[in-house]
There are 2 protein chains.
Amino acid sequence: MQEAKTIDYNEKQVQIIETAERLFAAKGFEGTSVRDIAQEAGINIAMISYYFGSKEKLIEAIFAYRISYTRLTILNVINDEAMSPTEKLERIIDSYIDKMMKNQCFYRLMAQERSILEVQNISELIYDSKARNMEMVKKILQEGQKKGEFRKNIDVALLMATMIGTSNHFTSSQAFYRRYNNLKDMSDEDFQKYLKKKLGTYLKTLFKSLLTVQ
Amino acid sequence: MQEAKTIDYNEKQVQIIETAERLFAAKGFEGTSVRDIAQEAGINIAMISYYFGSKEKLIEAIFAYRISYTRLTILNVINDEAMSPTEKLERIIDSYIDKMMKNQCFYRLMAQERSILEVQNISELIYDSKARNMEMVKKILQEGQKKGEFRKNIDVALLMATMIGTSNHFTSSQAFYRRYNNLKDMSDEDFQKYLKKKLGTYLKTLFKSLLTVQ
DNA sequence: TAATTTTAAACAAACGTTTAATTAAATTTA
DNA sequence: TAAATTTAATTAAACGTTTGTTTAAAATTA
């Protein structure tokens, strides 16, 4: 048995993690049994305890697994002298949307955990990652304000809530959106591309009109 | 036993509904047992089946109960000739935030159901309520565009996603916000007021800068 | 051979629901 | 009004399943 925090998972472990992630996202953590996971992943039930210790530790492993490789991208952007603050923010929006659309299951799972109050271990993981992202966006905002590009009195947490909240809500209710706008003839792939484009353009417009000094 | 759709619930039924709502919000639907609910509400387990038929039908009753009385407010606003489109939108923002802050448990529950894919009966309920709200906001937008007050090419669904998504994310991560901004000395009541004020001001600024024609 | 992985079976605990008996309330009858 | 009857509400106990986890043996790999 391996420690949940270790990020070196073997093939079988990754297979379990990704299957569990998909099922948890679709039916919720408590709504998914370890037997569901075992069957879907084509492994024996005991393997879950064997590799992860428990169902609880499995979901912690999922979060550690996804968060650890979600982190990097912002770091490169922030110190790029050639980019304006506006461009940096646009890059962050793009990369956030990209990650979210590619990992819809995981973001669904995060939204579930966020809405449930009684989760301790995972909250800690999310807190750190969130605080780190927040600090970086804050720096970009301050840089823009210093250059007279952005208006002042902007709450970073609210700005982040807009980016994350709008994106999450929009993708979570994509079934609604598709039905409401009669887009059922579009292929799944095209629809995803359509959502991504639409959301990206919108958020950039939104940020620009909110932040720009008139 | 009464039909779940009926809105005439007696005292005891309301007590069960409100207890269940609170527990579902805190621990999730599958994470809450009927025994939890019975104990917390101070009733016998069998009363849940007796009054609602099943745990599944109980959560449907919660949604019917809350949605039925959440509806009204927008209707009065839309046909008020004395209000400008901008004022109407501001009123909608205020009344949405007010409802959400007063019924945080229910909104938490809605967010949970939204993130879980496999819920049919409830999705239908939400769809109707959502489509209705969307149509009304659409009308206000069109009125504002006609009067030259609002810019064109605004997707109503995305605008709603911003209002709902930002609000939900912000309140869902209020624990984070409190910790991040060192506000733990503030009383719970004051903190809620603070959040409400902050969110309202922000969303109005956001809407105004996005919609206003420059 | 020794260590690791995989298996089927078993575990007790918890689950949602139902039962059948009892109490309380409402209605009807005298 | 009082008693009798019917309906509704409440209870503790039991139901069969399903739950997450463990076991000890078998198979595989090193």
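Values below: every heavy atom of this structure, side chains too, minus hydrogens, waters and symmetry copies. Proteins come first, then strands; the chains are lettered A, B, ... in the order of their sequence lines, and each starts at number 1. Predicted model only: the values in this text are computed from it and were never measured.
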inquiry  = I want to check a possible cation-pi pair here: B:Lys196 against B:Phe191, using under 6.0 Å from ring centre and within 45° of the ring axis as the test.
reply    = no

request  = To the nearest Å, give me how far apart CG (A:Asn44) and C1' (D:dA26) are.
outcome  = 12 Å

query = A:Ser33 has a side chain; which of D:dA9, C:dT17, D:dT19 sits nearest to it?
reply = D:dT19

inquiry  = Distance check needed: C:dT17 P versus B:Ile48 CD1, whole Å only.
reply    = 9 Å

Could you list the donor-acceptor pairs under 3.5 angstrom formed by side chains in residues 157-170 of chain A, with sequence neighbours left out?
{"unit_1": "A:Thr162", "atom_1": "OG1", "unit_2": "A:Leu158", "atom_2": "O", "d": "3.1"}
{"unit_1": "A:Thr162", "atom_1": "OG1", "unit_2": "B:Thr166", "atom_2": "OG1", "d": "3.3"}
{"unit_1": "A:Thr162", "atom_1": "OG1", "unit_2": "B:Tyr202", "atom_2": "OH", "d": "2.6"}
{"unit_1": "A:Thr166", "atom_1": "OG1", "unit_2": "A:Thr162", "atom_2": "O", "d": "2.6"}
{"unit_1": "A:Thr166", "atom_1": "OG1", "unit_2": "B:Thr162", "atom_2": "OG1", "d": "3.3"}
{"unit_1": "A:Ser167", "atom_1": "OG", "unit_2": "A:Met163", "atom_2": "O", "d": "2.6"}
{"unit_1": "A:Asn168", "atom_1": "ND2", "unit_2": "A:Ile164", "atom_2": "O", "d": "3.2"}
{"unit_1": "A:His169", "atom_1": "NE2", "unit_2": "B:Lys130", "atom_2": "NZ", "d": "3.2"}

ask   = Roughly, in whole Å, what's the span from CD1 in A:Ile37 to P in D:dG20?
value = 8 Å

note = To the nearest angstrom, the CD-P distance between B:Glu30 and C:dA14 comes to 18 Å

ask   = Are the aromatic ring centres of A:Tyr9 and A:Tyr51 under 6.0 angstrom apart?
value = no

Distances for protein N or O near nucleotides 10-12 of chain C N or O, under 3.5 Å:
none

request  = Give a yes or no on whether a salt bridge exists between B:Asp155 and B:Lys138, defined as a side-chain N under 4.0 angstrom from a carboxylate O.
outcome  = no

query = How many Å lie between OH on B:Tyr51 and P on D:dA8, as a whole number?
reply = 11 Å

request  = Taking atom types as modelled, find out whether B:Glu40 and B:Gln15 have a side-chain donor-acceptor pair closer than 3.5 angstrom.
outcome  = no

note = Side-chain atoms of A:Ala46 come closest, of D:dT22, D:dA9, D:dT21, to D:dT22

task = May I have the distance from A:Lys12 (atom NZ) to C:dT6 (atom C1'), rounded to whole angstrom?
result = 8 Å

inquiry  = From the set D:dT10, C:dT7, D:dT21, return the single nucleotide nearest to any side-chain atom of A:Lys55.
reply    = D:dT21

remark   = In whole angstroms, the gap separating P of C:dC15 from CD of B:Gln39 amounts to 11 Å

key: SB check B:Lys27 A:Glu30 (cutoff 4.0 Å)   = no

ask   = How many Å lie between OH on B:Tyr50 and P on D:dT7, as a whole number?
value = 13 Å

query = Any idea which of C:dG16, C:dT7, D:dT21 is nearest the B:Val34 side chain?
reply = C:dG16

request  = Would you tell me whether A:Tyr194 and A:Gln174 have side-chain atoms, one donor and one acceptor, within less than 3.5 Å of each other?
outcome  = no

